[in-house]
Amino acid sequence: MNKSKDFLRAIVDEDLKSGKYKEIVTRFPPEPNGFPHIGHAKSIYINFGIARDFKGHCNLRMDDTDPSKEDTKYVEALKDAVQWLGFDWGDNLYFTSNYFPRIYDYAIKLIKMGKAYVDSLSEEEIRLYRGTVTEAGKRSKYANRSIEENLDLFERMKNGEFKDGEHVLRAKIDMSAPNMKMRDPLLYRIRHAHHFRTGDDWCIYPMYDFAHCLSDYIEGVSHSICTLEFENNRAIYDWVLDTLKLEPPRPYQHEFARLGINYTVMSKRKLLELVEGGQVSGWDDPRMPTIAGYKRRGYTPESILNFCEQIGIAKANSMVDVSQLEFCIRDDLNKKVPRVMCVLDPIKVVIENYDRYEEIDASYYPHDVPKEGSRKLPFSKEIYIERGDFMQNPPKGYFRLTPTQPVRLKHAYIISCSEVVKDSNGNITEIKARYYPESKSGSDTSGIKVKSAIQWVSAKEAKRVEVRLYDRLFLAEAPEGVEDINPNSLKIIKNALVEPAVISEKPDVRFQFEREGYFYADPVDYSDEKPVFNKIVGLKDSWGKKAKSVKPKPQSKKLHVEGEVAPMSEVEQKLFDNYTKNLGLNSEISNTLARDEQLSHFFKEALCEFNSPIGIANIIANEVARELKDKRVDDLKFTPKQLAQLVKIVENGTISNKISKQVFEEMVKTGENPSQIVQTKGLVQISDPAKIEPIIDEIIAKNPDNVAKFRAGNTKLLGFFVGLVLKNTGGKANPKVVNELVAKKLNT
RNA sequence: UGGGGUGUAGCCAAGCGGUAAGGCAACUGGUUUUGGUCCAGUCAUUCAGGGGUUCGAAUCCCUUCACCCCAUCCA
């Protein structure tokens, strides 16, 4: 119930409450230049999910401002992905190219405002003029063209009078801005290319930074959610919208960390490399982290959505473990999918004492899956079992068939091994076995206990199928490129054997091959003549894990280097010395104050009002410093004098230190006098034990569990009780007194 | 290096001055005709490091460190 919201939802919630927006509008804005991957799924889930949760809507917008890379086939793939994941954009499918005329008009407006100019520097020069991260850039000599000239040139750019690269339109912002993105960003470039939607109507195209914010605005988007690498672009986003003085409400950009999953790559470039290099069969290769890949592999949309839900949304760059995804698909399929039997690596078993043929009625689902359904399972003298399910010299803990250990054939009888037939090389070619007639599944009266039940298929009735086993595409946890590729990521088994029910089923159905994993009929290569199954994911395998030796993970202890602190100036040093030697401040506080001119000045003034250096210094170095982080002293609503008064009433015991923070907050907001605030809010400290004790008694009575825990030695809980008492008194109880009383009462 | 961000367990991730949520992974044990599922339990004396403020700090202040993003006429 009390589920915590992610930071984006918290922002949306706030914006709705404050009345900033009437309706929440988000958008999923991919560039149609490649196939969507699971990172897009996260973005889709966030944008459509937030819209759904707040009863707004989400637009699907193709960000098609670069005609050289985009294509209709990608817009189809993108639409497919959104639909497959179960989201609906309704009528809200848009293209940035729809807005080209309006974006052009906005550009004209900027030119007329003197905020944009046509630059005729070469590409090379523009880069040079931009400067570097540490050096300011310099403005182009074309920046001071007249508005008329700019208008004329821009129109002629649009009319196709110039070649690619001859001119660009740039925003006139600041060539020395510390944010590189703000150094007169390009707004339009000339590109004589055929656009897949607007054809040859345009030969100038807006850049992302100009088109995106305006498209959002045009569509009435409220929250423009994108990934972290656009943080620096937010300044332009705001600049364009603000400079144009567009009628509110306008959209704001918020960034989250893109999805990374280990043992795979997620960038379009690297994905394309795999496709073009032939490392995979295409964008929909079941090993690809593309939506098309997962779809073909047999992942369900529910499992992907659930994965997106589980990984959360935050701003920390992170890499999610694939096992989290694998859990999601197993978890989903476990509840849904029929169990059938398949033998991947067959070895023949001849049941010497069985000469009949029967069809066993076998349930598709285990007892714990509440679904109905069964099929006829043919059983006969000759069957196949998995080669790995028999061992002549088994290790300890082996549960399957051995010369001395019987095993159950799932849904059928218990058998035991009577003879092992080998070829001249010593390889096992056949197992002779005997069955126990009274051990039939469901009516077992044999009394034989087995440790395991294994899958099998009847030799005559079994069907041959191709099974494709997939492993991770890369060997490295954070692969760089093809050099890290896993050469064994695909293993094809041409002649696996399945029970007949498997291929009589209709396509697009998933199975669990019992004890093996989940499988999906390949939607591309499957045919009646040649059935092909993709392994979606294996079952958890605690035996296989145990059998393999587990490698211990090396744990490195974090080492830390102490960095160098910048030296103080002479003035600062003098102040510092004065603070420590004459006023008795500790070095940390002295340091903070001495190094900040605003703080030291504030301190000096406050001291004139009330001479308590330590008290005043503490609150300035802590609380005032916080307020001054994004403000200047002149913008503060309270004065040094008022601050000194605050310290005074703390020191004379009128209010507690805790309450002083509350009073301070109020001073920040209103600039009122501290004593006034204390009076109107009734914040005077309660130190009388007689008033506090009954509250403590009540709380102790209400929390017997925690009292017991405390008495059992969990002394951390003292804070819990103190907190409750303080909460109960509105923070007014004297915490020192409360601490003492609580400790006393709990210990008796 | 200037600017913008981020550091909570092996991996994600809540937390916003008062008992360190949850999921994955891992590990016990139980159930089981899947070595699956399910169930019960274990798994952070501590939040990148160091200091400070406070009765009390993952949360506030100072400082150091590490990592990511920005110098495409890509998005």
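Lettering of chains follows the sequences in order, A, B, ..., and the numbering in each one begins at 1.
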So, do [X] and [Y] have ring centers that fall under 6.0 Å from each other?
X      : Y      : answer
A:F519 : A:F513 : yes
A:Y579 : A:F603 : yes
A:F256 : A:F7   : no
A:Y188 : A:F154 : yes

inquiry  = For a quick check of understanding: with a heavy-atom distance under 4.0 Å over all strands, which category does A:K315 fall into, base, sugar-phosphate or nothing?
reply    = sugar-phosphate
query = At under 4.0 Å between heavy atoms, what does A:R595 touch on the DNA or RNA strands: base, sugar-phosphate, or nothing?
reply = nothing
Taking donor-acceptor contacts at under 3.5 Å, does the side chain of [X] reach the base of [N]?
X      : N     : value
A:K449 : B:U33 : no
A:Q512 : B:U34 : yes
A:R400 : B:G35 : yes

If you check the [X] side chain, which of [options] turns out closest?
X      : options             : result
A:N232 : B:G3, B:A25, B:A71  : B:G3
A:N179 : B:C62, B:U72, B:G3  : B:G3
A:R408 : B:C69, B:U33, B:G18 : B:U33
A:L726 : B:C73, B:C55, B:C12 : B:C55
A:R339 : B:G35, B:G36, B:C55 : B:G36
A:N591 : B:C62, B:C74, B:G3  : B:C62
A:H367 : B:A25, B:G4, B:U32  : B:U32
A:E514 : B:U34, B:C61, B:A13 : B:U34
A:K629 : B:C12, B:C62, B:G52 : B:C62
A:K716 : B:U46, B:C62, B:G23 : B:U46

Phosphate OP1/OP2 of [N] contacted by [X] side-chain N/O (<4.0 Å):
X      : N     : answer
A:T134 : B:G3  : no
A:K661 : B:C55 : no
A:T592 : B:U63 : no
A:R330 : B:U34 : no
A:N618 : B:U54 : yes
A:S452 : B:G35 : yes
A:R189 : B:C74 : yes
A:R515 : B:G35 : yes
A:T132 : B:U1  : no
A:N586 : B:U53 : yes

query = If you measure from the ring centre of A:Y208 to the centre of the six-membered ring in the base of B:A75, is it under 5.5 Å, with the planes under 30° apart?
reply = no
query = Do we count A:F399 as stacking onto B:G35 if the rule is ring centres under 5.5 Å and planes under 30°?
reply = yes
request  = Could you tell me whether a side-chain N or O of A:H212 sits under 3.5 Å from a main-chain N or O of A:T96, the two making a donor and an acceptor?
outcome  = no
query = For A:E166 and A:S120, what are the C-alpha separation, side-chain angles and deciding distance, and is it a side-chain contact (heavy atoms from CB on, under 4.5 Å)?
reply = CA-CA 6 Å; A:E166 264 187 80; A:S120 309; over 6 Å; no
inquiry  = For the P atoms, the ones on B:A71 and on B:G7, what distance do you get once it is rounded to whole angstrom?
reply    = 24 Å
key: Pairwise C1' distance, B:C55 and B:A13 [rounded to whole Å]   = 32 Å
ask   = In the strands shown, is B:C74 matched to any nucleotide by a Watson-Crick or G-U wobble pair with both distances under 3.5 Å, and which?
value = none
query = Sequence neighbours excluded, which residues qualify as side-chain hydrogen bond (donor to acceptor under 3.5 Å, both in side chains) partners of A:D13?
reply = A:K5, A:K17
ask   = Under a 90° cut-off about 0 for the syn range, is B:U53 syn or anti?
value = anti
ask   = Rounded to the Å, how far apart are A:F721 CZ and B:G56 C1'?
value = 15 Å
task = Quickly work out the A:F513 CZ to B:G35 C1' distance and round it to whole Å.
result = 20 Å
message = Need to verify one output field. Residue with the more 5' nearest nucleotide on RNA chain B, A:S323 or A:D444?
response = A:S323
